Amino acid sequence: AGKPKLHYFNGRGRMESIRWLLAAAGVEVRRTVNNPTFLCTFKGGTLMYEQVPMVEIDGMNLVETRAILRYLAAKYNLYGRNIQEQAWIDMYVEGLKDLSDMIMFFPLSLPGEKEMNLEYILERATTKFFPVYEKVSDKFYHGQDFLVGNRLSWADIQLLEVILMAEECKPSVLTGFPLLQEFKARISYIPTIQKFLQPGSQRKPPLDESSIESVKNIFKF
Ligand SMILES: N[C@@H](CCC(=O)N[C@@H](CS(=O)(=O)O)C(=O)NCC(=O)O)C(=O)O
């Protein structure tokens with residue numbers, strides 16, 4: 001089967017977690033189609049909700065970010081060995097989605113709300129979410145290196161992505177979470193992930209003012 005083809009604008013947004021998962025699985029992608037008129041080129045039913053992200057893979061035009069992520073996690077053996085492990089992975093990735101959504105939409109904050117929103121993000125990250133993963137990490141001292149089933153899964157990849165997003169908000173955000181600091185170092189050195197973290201990979205930079213304008217123009221909001 002050919003390489004997956006990603007359809008999205010040339011920025012992070014909802015597609016970034018998909019790029020992470022494909023990169024961690026060592027899957028090369030065909031060039032991302034980020035032509036601002038792409039929504040129009042798919043009229044007529046081949047783009048289910050006429051929305052992106054859309055990933056062309058295995059003869060399908062997959063849409064809906066969570067559906068795409070689940071398909072890729074299962075396809076590349078990153079979704080647990082059984083339904084119990086899958087449930088643990090789901091609990092971790094859905095909790096992480098709540099935090100990553102806050103950070104993803106932060107650049108779109110109204111001018112007078114940026115400081116308040118950032119404060120809320122950091123408070124949620126350090127009091128609600130990171131303590132959960134720090135506690136889970138405690139088992140790392142019992143010979144386990146990963147969140148679920150003692151092997152790399154979608155949950156580990158998503159946690160690393162969100163840790164780096166939170167550090168972009170506040171570089172010292174992991175102070176007080178020594179096990180998460182070790183987790184970050186360990187997962188970052190997995191060869192496929194280490195390559196994705198190098199310049200020149202498919203990884204996108206945080207949204208800046210100019211890319212926000214282009215997103216608003218493409219999606220008319
Ligand atoms: N639930 C969908 C939402 C997708 C979505 O809203 N996509 C936006 C682009 S973005 O918000 O992800 O940048 C879009 O295509 N909007 C165009 C439209 O809705 O017509 C998902 O998770 O994939």
Side-chain angles (χ1 to χ4, degrees), residues 3-25 27 29-76 78-79 86 89-111 113-114 117-118 121 124 129 154-155 157-162 164-166 168-169 196 201-221:
K3 296 175 188 173
K5 190 171 182 181
L6 311 185
H7 295 264
Y8 201 62
F9 73 91
N10 190 25
R12 279 187 184 176
R14 290 182 170 89
M15 186 63 91
E16 195 68 357
S17 292
I18 295 166
R19 294 187 186 103
W20 269 88
L21 205 47
L22 287 165
V27 177
V29 297
R30 280 183 284 165
R31 63 178 176 75
T32 303
V33 179
N34 50 49
N35 167 358
T37 61
F38 52 23
L39 288 176
C40 315
T41 57
F42 281 94
K43 300 288 185 195
T46 55
L47 188 59
M48 190 180 284
Y49 302 105
E50 293 182 4
Q51 288 184 325
V52 286
M54 189 268 273
V55 175
E56 288 183 59
I57 187 168
D58 298 337
M60 299 184 286
N61 289 347
L62 294 185
V63 293
E64 286 301 324
T65 307
R66 310 308 290 175
I68 297 168
L69 288 165
R70 282 196 169 77
Y71 181 84
L72 297 176
K75 178 179 175 70
Y76 297 114
L78 293 165
Y79 207 12
Q86 185 176 310
I89 291 166
D90 279 340
M91 287 192 282
Y92 292 137
V93 297
E94 293 311 310
L96 286 162
K97 178 182 184 300
D98 291 344
L99 179 55
S100 71
D101 279 357
M102 290 179 220
I103 301 173
M104 177 171 69
F105 290 114
F106 172 65
L108 303 175
S109 301
L110 297 172
E113 295 178 359
K114 263 192 179 292
N117 289 347
L118 179 59
I121 287 168
R124 293 277 91 177
F129 295 101
W154 175 20
I157 298 157
Q158 185 72 86
L159 178 53
L160 177 60
E161 180 189 2
V162 174
L164 297 180
M165 290 167 71
E168 284 168 348
C169 295
F196 183 65
S201 76
Q202 286 284 326
R203 188 176 181 218
K204 300 298 175 191
L207 276 181
D208 58 21
E209 292 309 315
S210 67
S211 44
I212 289 171
E213 281 318 304
S214 73
V215 175
K216 286 180 176 176
N217 292 335
I218 294 171
F219 298 114
K220 309 285 182 279
F221 65 87

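If you read the sequence from its start, that first residue is 1, and numbering goes on from there. Nothing here was measured: the structure is a model prediction, and the numbers come from that model. Just follow the structure's listing: the first ligand is 1, and inside any ligand the first atom is 1.
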Under 4.0 Å to a heavy atom of [X] - the qualifying atoms of ligand 1, by number:
X     : value
Pro53 : 23 (O)
Glu50 : 18 (C), 20 (O)
Phe9  : 13 (O)
Thr65 : 21 (C), 22 (O), 23 (O)

inquiry  = For Arg70, is there an ion pair with Glu64 - N to carboxylate O distance below 4.0 angstrom?
reply    = no

request  = Could you tell me whether Glu161 and Lys97 have a side-chain N and a carboxylate O separated by less than 4.0 Å?
outcome  = no

key: Inter-residue atom distance Met165.CE - Leu96.CG, 0.5 Å rounding   = 10.0 Å

query = Roughly how far, to the nearest 0.5 Å, is the OH atom of Tyr79 from the CG atom of Leu69?
reply = 9.5 Å

ask   = Which residues satisfy the side chain to side chain donor-acceptor pair (under 3.5 Å) test with Arg124, sequence neighbours excluded?
value = none

query = Does ligand 1 have an atom under 4.0 Å from some heavy atom of Tyr49?
reply = no

ask   = Does Arg14 reach ligand 1 with a nitrogen or oxygen that is under 3.5 Å from one of the ligand's nitrogen or oxygen atoms?
value = yes

